[in-house]
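Below is one structure, written out as structure tokens; comments come after it.
All heavy atoms count here, side chains included; hydrogens, waters and symmetry mates do not. This is a predicted model, so every value here is computed, not measured.
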Amino acid sequence: MLCSRVWSRALTTCAVVAGLLGTPWGTGAVVEAQGATGTVRGRVTNAAGSAVPNAQVFIAGTQNGGQTGADGSYTITRVTTGTVTVRVRMIGYEPTEKAVAVAAGQTATADFVLKTSPVSLDQVVVTGTAGSARKREVGNSIGQVSTKDLPEVPTNVSNLLAGRVAGVQISGGTGNAGSGSAIRLRGATSLALSNQPLIYVDGVRTRSDEYPRNGIFQGATQRGANAYGSPLNDINPDDIERIEVVKGAAATTLFGTDAAAGVIQIFTKRGSQGAPKWNAQINSGFQRLQQFGTDSVPLLNMDAFVRDGGRLGMQAQVAGGTQNNVKYLFSFGADNSDGVLQLDNERKYQVRANVDFSPFKNMQFSWNTAYNNSLITQTPAGNNAQGITLNAFRQERNYFGNANPDTIKLVYGQQLNSNIDRLLLGTTATWTPIERFSSRLVVGFDRSALENRNVRPYGFPGAALGIIQNQVWQNKIISLDWANNYEMQFGDGMKATFSAGTQYINSLVSDVVAYSENYPAPTNPTVASGSLRNADENRLKNITGGAFTQALFGIKDKYFVTVGARVDGNSAFGEDFGFQTYPKASASWVVSDEGFWSDKFGTLKLRAAYGQAGRAPTAFAAVQTWNPVGWGTAPAVRPLNLGDPNLGPERTTETEIGFDNQIFGGRLSVDFTWFRAVTDDALFFVRNVPSNGFLASSLGNAGKIEKSGIEAAINATLLEKTNLDIKAGLNVSTNQSKVLSLGGAPSFSVGNFGWVIEGQPAPVLRGRLIKNEDVIGAPIDTVFNHTFGPAQPTLILSPSLNITTWKGINISTRGEYQGGAFINEDASFQALSRSVLWPTCTRAYAAIAASQPLTPRETLTCIPRNARQDMFIFPADFFKIRDITVTVPLGKLIPHTASSSLVFSAQNVFRTNFGMPLFDPEMSGNDGFNVGVRYISEHIPAPALFLTSLRISF
């Protein structure tokens with residue numbers, strides 16, 4: 001009785017335990033006190049007769065419901081007697097419902113056959129509006145990924161997104177354990193600031209930029225693995241229900257400053273009414289390095305230094321709900337992954353608790369807690385004279401002067417350990433004092449903590465007396481988001497939703513680094529072991545605050561107009577700059593609801609959107625600063641940043657138009673968008689007048705750039721019969737950028753042969769073009785400062801195929817092509833200029849020995865004295881098979897289970913380049929995610945992954 005009374009007001013520990021254990025109290029022993037009830041059960045299938053797992057089935061007007069199992073079956077208990085309406089919702093299918101008569105103590109049966117509908121205009125989304133909205137009401141494009149639709153075993157969130165949403169590019173990873181990937185939505189928006197999109201998890205703002213790499217903060221800073229971790233990959237993909245991608249300023253206005261690069265919103269799974277349901281899976285497999293060299297040297301001399309890395313993981317999840325409107329989900333995940341480099345390992349542990357409850361009739365609370373711990377060891381790699389890859393690539397011309405693997409393996413003595421602790425807390429309170437008004441407050445806390453330990457022991461080659469560095473870094477983000485919505489009805493045909501609210505983001509980044517070298521003797525060192533010591537500390541706080549208002553008008557449920565604005569302030573703005581206002585407007589028209597529209601033409605929605613968003617300057621960019629340095633033993637300061645009181649954010653204005661269409665009874669759907677975005681007051685590093693005393697360049701609002709393109713998501717049901725269902729999809733994205741103005745400044749370099757030039761893509765690669773490069777005996781003819789093309793791809797194609805056949809066995813495959821970009825392949829230059837025998841010159845070496853003529857490229861690159869760095873710019877075009885997956889339903893083959901399935905998944909198993917002779921064009925150099933122009937150095941690419949997963953439901 002005590003537990004029962006407490007549950008009527010709030011969540012308590014005793015009730016949670018009771019619910020999880022499935023006690024009579026937790027599963028409804030108090031039903032008798034609330035009147036007679038019955039049960040509804042059934043099965044949900046598609047038109048081909050195959051089961052539809054994870055569909056939402058619930059009683060209309062209540063929170064009583066759940067999800068279908070792997071065999072499509074469901075059971076809803078404690079259903080009020082009488083005639084009730086059972087509804088079924090599933091992304092990719094038309095919503096449906098059925099009236100069912102329920103008798104006391106009896107079980108009613110309601111089976112459903114769902115019709116394919118990739119575009120559902122009544123699907124609810126959260127798209128940067130002040131609250132949730134139906135797709136028919138939204139004027140901007142919506143990218144969405146539902147994990148229910150994922151056939152493969154998801155390994156991290158970045159891989160989950162790759163190739164699945166038009167306008168999304170994932171790139172820049174390496175083969176080291178713990179390595180992450182850069183994300184670009186509709187290409188790059190800024191040339192000086194971060195282009196990583198903002199990340200929200202259940203409404204809570206989280207870190208989006210990469211973690212600091214495990215390197216040395218002074219001297220040769222590349223002495224490490226030169227790999228960057230991604231905070232996005234701290235999130236357990238098995239906890240995710242869906243991801244919504246908000247790609248442009250037209251949709252991100254209400255996120256204000258920092259949102260110009262787009263927003264990714266992650267929504268995790270929740271509990272549902274009913275008895276506890278357990279899901280578990282065990283994953284095992286291996287990863288293998290694929291060819292990235294030539295056929296004669298497929299691994300570029302890395303054969304003795306790589307292995308097949310093993311992978312073993314498990315996930316467990318329980319979800320349910322009590323009769324008192326308390327719903328819960330608890331999950332645990334563990335993963336142990338050995339990388340393909342011999343020191344690489346990542347052990348990851350993840351826990352999550354999501355609880356929803358209603359202490360009062362008009363008040364709902366959601367509590368989300370997630371914790372991740374990653375223990376990472378890495379092999380020294382990259383452009384690192386004391387790393388394995390550089391020395392293996394260069395063989396006897398390496399820094400050992402020796403190609404013997406046992407000699408090169410001396411670098412294994414370096415210890416590179418990273419410990420990531422991630423805690424994400426969020427609570428959402430929604431108050432509905434009257435029927436048409438709601439107020440929602442989201443309070444979030446995201447703490448990312450990292451310890452990097454980098455040890456070169458006594459006797460290490462290149463550092464005989466030893467070096468040690470320890471870095472303790474953390475980022476704390478506190479966020480408050482308050483939104484209020486009021487609905488009004490004007491007669492029978494018009495309604496309006498008025499919204500207003502405010503948002504506050506406080507981000508603090510701090511780190512302390514301790515360094516020492518020269519140990520007195522062999523020892524297990526600490527920083528105190530070295531005779532020469534140094535230290536550094538940094539603290540950086542950035543605060544953004546804003547308020548917004550929005551109004552959504554709907555007429556006859558087919559014409560919709562949304563207008564809104566946000567006003568923002570940011571601590572990085574100059575003192576004379578003040579606040580910024582970002583307006584938005586959008587409209588949609590559901591043409592297929594018009595009387596003149598024939599049903600045979602399917603459904604059609606036209607939409608258009610206009611909006612602005614910003615990107616704030618880096619902290620202290622507007623402030624005049626000095627660097628505290630010593631001069632001998634005396635304290636001193638040195639001019640660092642000139643500062644600018646008028647410095648403000650970049651402002652991106654975007655217009656997009658498009659349509660959502662489905663025809664042939666939902667068998668073919670097309671989501672098409674055209675967009676154009678112009679960034680005014682673009683931030684560039686501007687050279688200062690020397691007489692000011694500040695010689696370093698500083699940020700200034702000096703330029704104007706644009707980008708435009710189209711995005712199309714095409715999905716088709718090619719065949720839908722009993723025991724055979726075939727679906728195909730194709731995502732198409734184009735992106736063309738141009739520098740419209742440099743504010744009178746001359747063209748300038750942004751590194752890695754990337755240039756910012758008026759009238760050219762932003763940025764563009766420029767270098768030396770070799771004409772007739774492959775014509776044997778042709779005279780050498782080169783063009784200096786040739787403009788090759790953009791650093792970002794101009795075309796991305798992502799095809800997919802999904803086949804469901806006998807007994808529900810599913811076969812799926814997904815690929816991706818990226819084209820139009822160029823990249824500086826620096827590893828070949830660094831090798832060839834040092835007289836390394838390089839596999840791209842095999843024919844040239846034979847021709848030289850036989851006194852036969854060479855091609856112009858061979859003459860200029862294979863003869864070391866002729867090699868120049870700017871002659872190694874190549875197309876970065878490639879095609880990859882992202883995954884091939886086979887899912888075999890096992891039903892109740894395993895005793896005492898509700899359902900089970902076996903999944904075989906092969907990821908990243910095939911790649912072909914178009915124009916680049918070596919390496920994987922998705923690789924990166926020693927730079928992080930926010931480098932404007934990537935380059936390729938002495939890394940290895942991400943390996944192929946082969947996984948088997950057993951999934952069980954209880």
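- Side-chain polar atoms of N354 and T268 form a donor-acceptor pair below 3.5 angstrom.
- One finds no salt bridge joining E137 and K135 here, because no Lys/Arg side-chain nitrogen approaches an Asp/Glu carboxylate oxygen to under 4.0 Å.
- Under a 3.5 Å cut-off, the side chain of T85 and the backbone N or O of A60 do not form any donor-acceptor pair.
- Between Y486 and F437, the two ring planes are tilted [angle within 30° to 60°].
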*Derivation of the side chain to side chain contact (heavy atoms under 4.5 Å, CB included) call for L161 and I264*: CA-CA 10 Å; L161 286 171; I264 293 177; 4.0 Å; yes
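- Here R607 pairs with D671 in a salt bridge; the nearest charged N to carboxylate O distance falls below 4.0 Å.
- At least one side-chain heavy atom of L425 sits under 4.5 Å from a side-chain heavy atom of W367.
- Residues T96 and L114 have side chains in contact (heavy-atom distance under 4.5 Å, counting atoms from C-beta outward).
- Between the CZ atom in F58 and the CD atom in Q56 there is a gap of 8.0 Å [rounded to 0.5 Å].
- By the 4.0 Å N-to-carboxylate-O rule, E487 lies too far from K495 to be salt-bridged with it.
- Taking a 6.0 Å sphere around CH2 of W482, one finds it holds 12 or fewer heavy atoms contributed by other residues, nucleotides or ligands.
- For the pair L424/V201, a side-chain contact is recorded, criterion being any heavy-atom separation below 4.5 Å from C-beta on.
- At a threshold of 4.5 Å between non-hydrogen side-chain atoms, the residues V165 and K247 count as touching.
- A donor and an acceptor atom, one from each side chain of N140 and S586, are nowhere located under 3.5 Å apart.
- Applying side-chain hydrogen bond (donor to acceptor under 3.5 Å, both in side chains) to N810 and the options T804, T805, T885, T887 leaves one that passes, T804.
- Counted by atom type alone, N362 and T432 present zero donor-acceptor pairs between their side chains at under 3.5 Å.
- I243 contributes atom CD1, which lies 5.0 Å from atom CD1 of I266 (distance to the nearest 0.5 angstrom).
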*Give the intermediate values and the outcome of side chain to side chain contact (heavy atoms under 4.5 Å, CB included) for residues T897 and L890.*
CA-CA 10 Å; T897 63; L890 302 178; over 6 Å; no
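- A distance of 10.0 Å separates OG of S592 from NZ of K558, quoted to the nearest 0.5 Å.
- Within the 4.5 Å cutoff, the side chain of F365 has no heavy atoms near those of the V355 side chain.
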*Apply ring-ring contact (aromatic ring centres under 6.0 Å, His included) to the pair F672 and F659, showing each step before the final yes or no.*
CA-CA 5 Å; F672 177 87; F659 64 85; 5.6 Å; yes
_Could you walk me through whether V79 and T39 satisfy the side chain to side chain contact (heavy atoms under 4.5 Å, CB included) test, starting with their C-alpha distance in whole Å, then the side-chain angles of each, then the deciding distance to 0.1 Å, before giving a yes or no?_
CA-CA 6 Å; V79 180; T39 300; 5.9 Å; no
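- A salt bridge does not link K269 with D239: every distance from a Lys NZ or Arg NE/NH1/NH2 to an Asp or Glu carboxylate oxygen is 4.0 Å or more.
- Using a 3.5 Å distance cut-off with no hydrogens or angles, the side chains of S438 and W431 do not pair a donor with an acceptor.
- One finds the CG atom of L801 at 12.0 Å from the CG atom of L730 (value rounded to the nearest 0.5 Å).
- The side-chain tip of R242 points at the ring of F267 from less than 6.0 angstrom away and within 45° of straight on.
- Separating the OG1 atom in T107 from the CZ atom in R41 is a distance of 5.0 Å, to the nearest 0.5 Å.
- The CG atom of L329 sits 10.0 Å away from atom CD of E241, with the distance rounded to the nearest 0.5 Å.
- Residues V145 and L160 form a side-chain contact, since some pair of their non-hydrogen atoms from C-beta on lies under 4.5 Å apart.
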_Pair N368-T427, side chain to side chain contact (heavy atoms under 4.5 Å, CB included): steps then yes or no_ = CA-CA 6 Å; N368 312 295; T427 182; over 6 Å; no
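- The closest side-chain donor-acceptor pair between D356 and S366 falls under 3.5 angstrom.
- Side-chain contact between R667 and E720 is present, with at least one heavy-atom pair separated by less than 4.5 Å.
- A side-chain donor-acceptor contact under 3.5 Å links K605 to the backbone of V138.
- For the residue pair Q315 and N236, a side-chain donor N or O sits within less than 3.5 Å of a side-chain acceptor on the partner.
- Both cation-pi conditions hold for K98 and F112: the charged atom is under 6.0 angstrom from the six-membered ring centre and inside a 45 degree cone around its axis.
- At distances below 3.5 Å, at least one donor-acceptor pair connects side-chain atoms of N661 with backbone N or O atoms of T603.
- Salt-bridge formation is not detected for the pair R43/D111: no Lys NZ or Arg NE/NH1/NH2 atom is positioned less than 4.0 Å from an Asp or Glu carboxylate oxygen.
- A 4.5 Å side-chain heavy-atom check between V246 and Q265 finds at least one atom pair inside the cut-off.
- Look at E594 and K556 and you find no salt bridge, because none of the NZ, NE, NH1 or NH2 atoms lies under 4.0 Å from a carboxylate O.
- In the displayed structure, Q489 atom CD is contacted under 6.0 Å by more than 12 heavy atoms of other residues, nucleotides or ligands.
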